[in-house]
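Please read the structure below before turning to the comments.
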Amino acid sequence: MTRETRTVPDPAPSAAGAPFVIHGYEEVVARDTSWNAHAHPWDELLWNERGASMAVVGAKAWTITPTLGLWMPAGTVHSGSAVAGTWFRAGFFGRATTPSLSDVPVAVEITPLLRLLLERLGDSGLTPGSRASTETMILDVLTPSPRELLVQVPTSPLLRPIADAVRENPADRRTLSNWATELGVSPRTITRAFNAETGTSFARWVAGVRAQHAVALLSRGWEVDVVAEEVGYRSASAFGAAFRRTTGMTPGVFRAR
């Protein structure tokens, strides 16, 4: 299937002061789609009704799902991509009328209540008073999530071979000791480098890469047991437990959406 590449136009200079609270947008992408690096003059909440998408800021890549959204602050340069069939949604928050949740990108748990409130804003029959009440409730329940599908890609000469290999093949089962031997350094050296560059351990970083890859494959309709093997798990049950810890839902439930 052909990938579609889109260019997001620069907003008008006056857009930042637009007097709105929350403005919604949604779309189902028919093919794999990428968006160029761009920034908005408003804060943005990204989430999906169905499927998987990704937002990239520098060396950090967040996967967005139906239960894990992403808050993108105004002025933050980011690129994006979405798997064919993804139903993505976005809420723009006017900086002239609302406080910002965060000045840096943060994951947001899309709870059933938050989802219902966001969907209610799409009702064209809402009175101005009802809309204002709904927007107030959204701002009240909108909070950062302790969970996120984030992978920070290391770029140092030491770790780049590991990052390239695992991202190319998440089923790569080489251990920390295997990599240390291959690269001619001690395991402790790699451990320190991973913590310094990514803020996490080698094992957790690999688990994050696997989870992001699994989300994309499940979005394409792959069977759970096939995905488990594709991303390096020895059993579907082990994969399911790891996937649920990361995303908040089982692979089967995610696939069904």
Side-chain angles (χ1 to χ4, degrees), residues 32 34 47-48 50-70 80-86 105 107 109 145-156 158-180 182-183 187 190-191 193-257:
D32 290 355
S34 298
W47 78 103
N48 297 332
R50 178 182 69 240
S53 56
M54 181 174 287
V56 178
V57 178
K60 295 182 177 181
W62 285 266
T63 290
I64 300 160
T65 73
T67 57
L68 277 176
L70 182 67
S81 61
V83 173
T86 295
E109 187 162 0
S145 171
R147 295 183 295 109
E148 58 184 353
L149 261 174
L150 166 65
V151 170
Q152 179 154 337
V153 182
T155 58
S156 68
L158 173 63
L159 298 185
R160 192 57 189 261
I162 303 175
D164 289 346
V166 176
R167 296 181 76 207
E168 177 68 25
N169 176 24
D172 191 318
R173 290 200 174 103
R174 277 175 284 187
T175 65
L176 186 63
S177 296
N178 294 150
W179 277 112
E182 195 167 316
L183 296 175
I190 294 179
T191 296
F194 258 101
N195 285 328
E197 284 196 57
T198 70
T200 192
S201 67
F202 167 77
R204 289 185 176 178
W205 185 86
V206 171
V209 173
R210 288 176 170 178
Q212 287 192 335
H213 193 62
V215 164
L217 296 179
L218 290 167
S219 296
R220 297 182 189 279
W222 286 40
E223 296 292 340
V224 173
D225 56 344
V226 177
V227 174
E229 183 177 356
E230 183 73 13
V231 299
Y233 288 91
R234 299 184 186 277
S235 70
S237 59
F239 166 59
F243 190 87
R244 186 165 189 170
R245 281 195 301 271
T246 306
T247 66
M249 64 172 66
T250 66
V253 169
F254 180 86
R255 182 177 180 276
R257 296 190 70 138

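Residues: numbered from 1 along the sequence shown. None of these values were measured; they are calculated from a predicted model.
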Are the side chain of [X] and the backbone N or O of [Y] linked by a donor-acceptor pair below 3.5 Å?
X	Y	result
E230	A214	no
R255	G221	yes
R50	G85	yes

- request: If a pair satisfies ring-ring contact (aromatic ring centres under 6.0 Å, His included) and one of its residues is in residues 213-249, list it, with sequence neighbours excluded.
  value: Y233-F239, F239-F243, F243-F254
- prompt: For T86 and N48, does a side-chain donor sit closer than 3.5 Å to a side-chain acceptor?
  reply: no
Can you name the closest pair of heavy atoms from [X] and [Y] and give their distance?
X	Y	answer
W179	P161	CH2-O, 4.0 Å
R245	R147	O-CD, 3.7 Å
G58	V56	O-CG1, 3.5 Å
A228	A236	CB-CA, 4.0 Å
F194	P154	CE2-CG, 4.4 Å
P187	A180	N-CB, 3.6 Å

How many angstroms lie between atom [atom1] of [X] and atom [atom2] of [Y], to the nearest 0.5 angstrom?
X	Y	atom1	atom2	result
D164	T155	CG	OG1	10.5 Å
L176	T191	CG	OG1	4.5 Å
L70	L150	CG	CG	9.0 Å
E148	I64	CD	CD1	11.5 Å
E223	E229	CD	CD	13.0 Å
I162	I190	CD1	CD1	4.5 Å

task: Please list all pairs passing the side chain to side chain donor-acceptor pair (under 3.5 Å) test where one or both residues lie in residues 196-209, with sequence neighbours left out.
output: S156-E197
Intermediate values then yes/no, side-chain contact (heavy atoms from CB on, under 4.5 Å), R220 and D32: CA-CA 10 Å; R220 297 182 189 279; D32 290 355; 3.0 Å; yes
Step-by-step side-chain hydrogen bond (donor to acceptor under 3.5 Å, both in side chains) determination, S237 to S235: CA-CA 5 Å; S237 59; S235 70; 3.1 Å; yes
- prompt: Taking V224 as the fixed residue, which of L217, T250, L218 is the one that meets the side chain to side chain contact (heavy atoms under 4.5 Å, CB included) rule?
  reply: L218
message: If the condition is side chain to side chain donor-acceptor pair (under 3.5 Å), which residues does D172 pass it with, not counting sequence neighbours?
response: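 Checked D172 against side chain to side chain donor-acceptor pair (under 3.5 Å); matches are R174.
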field: Other residues, nucleotides, ligands: >12 heavy atoms within 6.0 Å of R234 CZ
entry: no
